[in-house]
Amino acid sequence: MARSQTPPWQPLKISCTRDETTGVWTARSRYYDGQSHRHDIKRSGRTAGGATLSVKTAIRRFEQEADQLSKKEQEPVEAPALTVRGLAETWLESRRPAPLKYDAATQAGTTPTEGLRVQTWESYAKNLRRHVLPVLGDLQVAGLTTPACERAILSLYDKETGTGYRTAAMARQVLQQVMDYAVRQGHRPDNPVRSVSRVPQPRATPKSMSTCTVKAVHDAVRPRQLEPGVGGPKPSSRLADIVILLAATGMRIGEALAIRWEDVDVTSTPITVTVSGTLVEKAGAFFRQGFAKSARGKRTFQLTDDWICEMVLRRHANQQETSTNAVFATRNGTFVRPSNFRDDLRRALGAAGITEKITPHAFRRTVATGISDHFTEKASSLQLGHSSPETTRKYYIERATLVPDYSSGLTHMAPAERD
């Protein structure tokens with residue numbers, strides 16, 4: 001029968017010996033710790049009893065130290081407090097778009113998923129790192145309050161000048177998404193940004209171009225013949241043709257420049273042009289995105305006016321084969337950058353003495369206003385590819401200030417004739 005092991009922290013047989021020279025007693029023994037490891041121990045004293053007591057006291061002290069160490073190891077380690085900066089960076093990483101698949105020949109860039117778009121993610125990251133985190137980044141997520149969020153967001157907006165609205169509005173939107181993420185991850189039970197006051201929005205005053213201005217723009221971008229003895233590339237109708245397409249459809253400039261010949265059907269009656277993508281030019285990247293800006297952005301235009309049909313047919317007849325198959329290709333066959341178009345338009349207008357600020361969006365506002373006047377606001381919304389007529393009405397349709405003559409319905413309001 002096996003002998004049972006001595007309980008832990010109990011000394012085995014203690015033997016004492018006396019040094020005849022010094023008269024000091026030494027007690028020796030062995031014991032097992034809590035892990036069943038055996039240890040030798042010896043202690044000295046003036047008497048045999050004192051040496052024995054020292055052995056027992058030492059073993060008891062070892063047991064207490066082992067218990068304290070065990071309890072300390074079992075205590076949960078308190079994680080460092082999570083800051084808004086740490087949470088925001090984690091959220092940004094979780095929303096990072098999938099890597100872009102880019103074809104250099106066709107300049108086509110697509111993501112393998114329908115997640116957040118590259119340009120949207122970059123806008124979020126820029127706003128967070130420039131405006132939100134410098135103010136709130138070092139605060140703890142658990143202690144973030146609505147007043148702190150409101151002060152940080154509204155400080156980006158200047159009420160007197162009405163500037164900074166877009167920056168403040170995006171800061172509120174992005175911070176709300178970050179704190180929604182905190183709630184989903186269990187870092188806090190509520191979102192303090194949801195109770196923050198809305199940023200005061202400046203009143204939108206859409207302005208369309210007059211008929212005289214439109215004619216002046218067309219004349220300004222019309223290609224000129226080179227003067228005798230003047231060098232340089234042969235005049236091109238590309239700038240004028242892009243302006244014609246903008247004036248006829250109200251497309252976004254990125255949509256217009258992204259049109260390929262496979263998006264144009266010159267054999268149908270009427271000729272049709274389909275918006276199937278847009279150009280992205282941001283943070284050094286430039287590529288054709290294979291889908292429109294919004295869900296309603298993909299749309300097909302029917303071209304019935306002679307001036308737009310003549311332009312399309314002329315370019316189709318003179319088209320040259322390129323890797324991008326762009327309707328408005330550069331001399332190298334690539335897509336025209338929107339920034340380059342804006343520069344060319346600005347130079348042409350300046351050379352013609354036109355001082356009015358005219359951008360590609362001026363054509364969208366003019367098209368929206370014209371369609372709204374002749375048809376409905378919903379028709380304008382469909383033309384521009386907006387998800388809601390409210391957006392078109394608020395930002396693109398110029399409000400008429402001249403009230404129509406309704407006096408025929410007010411004859412009964414005239415004062416009574418006097419005798």
Side-chain angles (χ1 to χ4, degrees), residues 76-98 111 113-206 280 282-285 293-297 361 386-396:
V77 179
E78 186 174 349
L82 180 63
T83 63
V84 175
R85 187 184 309 279
L87 176 69
E89 294 295 344
T90 303
W91 174 80
L92 275 176
E93 193 59 34
S94 70
R95 297 301 308 277
R96 183 185 292 274
T111 54
T113 64
E114 295 183 356
L116 201 64
R117 297 174 186 176
V118 175
Q119 55 269 40
T120 304
W121 185 88
E122 289 177 348
S123 297
Y124 286 172
K126 180 179 178 181
N127 188 283
L128 270 174
R129 290 165 180 166
R130 282 192 178 184
H131 304 293
V132 177
L133 297 185
V135 181
L136 302 175
D138 295 332
L139 299 181
Q140 295 183 10
V141 172
L144 188 63
T145 62
T146 296
C149 296
E150 179 149 337
R151 286 192 298 270
I153 292 171
L154 295 186
S155 67
L156 301 173
Y157 175 76
D158 190 334
K159 184 181 294 186
E160 294 183 1
T161 62
T163 57
Y165 164 75
R166 291 186 180 278
T167 300
M170 177 169 283
R172 185 182 189 276
Q173 176 190 357
V174 176
L175 186 58
Q176 179 170 308
Q177 292 188 53
V178 171
M179 296 312 296
D180 277 341
Y181 178 75
V183 173
R184 293 195 300 272
Q185 298 300 313
H187 297 304
R188 59 177 298 146
D190 62 336
N191 186 340
V193 187
R194 291 193 173 275
S195 298
V196 170
S197 303
R198 292 196 174 274
V199 182
Q201 186 173 0
R203 185 180 297 274
T205 54
V280 176
K282 197 163 189 177
K293 181 179 179 181
S294 63
R296 296 284 183 89
H361 254 56
H386 288 156
S387 58
S388 168
E390 176 63 25
T391 301
T392 314
R393 175 171 57 253
K394 191 172 185 179
Y395 297 105
Y396 290 89

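Keep in mind the model is a prediction, meaning the values are calculated, not measured. The analysis underlying the following values was restricted to heavy atoms, covering all of them including side chains, and did not include hydrogens, waters or symmetry mates.
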Correct closest heavy-atom pair for Leu92 and Trp121 would be O-NE1, 2.9 Å
dist Thr83:OG1 -> Leu133:CG (nearest 0.5 Å) comes out at 8.5 Å
Salt bridge (charged side-chain N to carboxylate O under 4.0 Å, His left out) pairs touching residues 145-158, sequence neighbours excluded, are none
Sequence neighbours excluded, the answer for salt bridge (charged side-chain N to carboxylate O under 4.0 Å, His left out) partners of Arg194 is Asp180
When rounded to the nearest 0.5 Å, the distance separating CG of Leu144 from CG of Leu175 is 6.5 Å
So salt bridge (charged side-chain N to carboxylate O under 4.0 Å, His left out) across residues 130-144, not counting sequence neighbours, yields Arg85-Asp138
- [ ] Kindly indicate whether the side chain of Val280, heavy atoms from C-beta on, has any atom under 4.5 Å from the side chain of Val118.
- [x] no
| message | Looking at Ser195 and Pro192, would you say the former's side chain and the latter's main chain have a donor-acceptor pair under 3.5 Å? | response | no
To the nearest 0.5 Å, atom OG of Ser123 lies from atom CZ of Arg166 at 11.5 Å
Tightest non-hydrogen contact, residues Val196 and Cys149, listed as CG2-CB, 3.8 Å
His386 meets the ring-ring contact (aromatic ring centres under 6.0 Å, His included) criterion, sequence neighbours left out, with Tyr396
On a heavy-atom basis, the closest approach of Tyr181 and Ser94 is CE1-OG, 4.2 Å
Trp91 and Leu128 have their tightest heavy-atom pair at CZ3-CD1, 3.9 Å
Between the CG atom in Asp190 and the CE atom in Met179, the distance rounded to the nearest 0.5 Å is 8.0 Å
Hits for salt bridge (charged side-chain N to carboxylate O under 4.0 Å, His left out) against Arg393, two or more places apart or cross-chain, chain-then-number order -> Glu377, Glu390
Taking the side chain as every heavy atom from C-beta outward, state whether Val178 and Val132 have any atom pair closer than 4.5 Å.
no
Judged by atom type as modelled, is there a donor-acceptor pair below 3.5 Å linking the side chain of Arg188 to the main-chain atoms of Val141? yes
So CG of Leu156 and CZ of Arg172: to nearest 0.5 Å the spacing works out to 13.0 Å
Arg129 meets the salt bridge (charged side-chain N to carboxylate O under 4.0 Å, His left out) criterion, sequence neighbours left out, with Glu89
TODO: Taking the side chain as every heavy atom from C-beta outward, state whether Gln177 and Tyr124 have any pair of such atoms under 4.5 Å apart.
DONE: yes
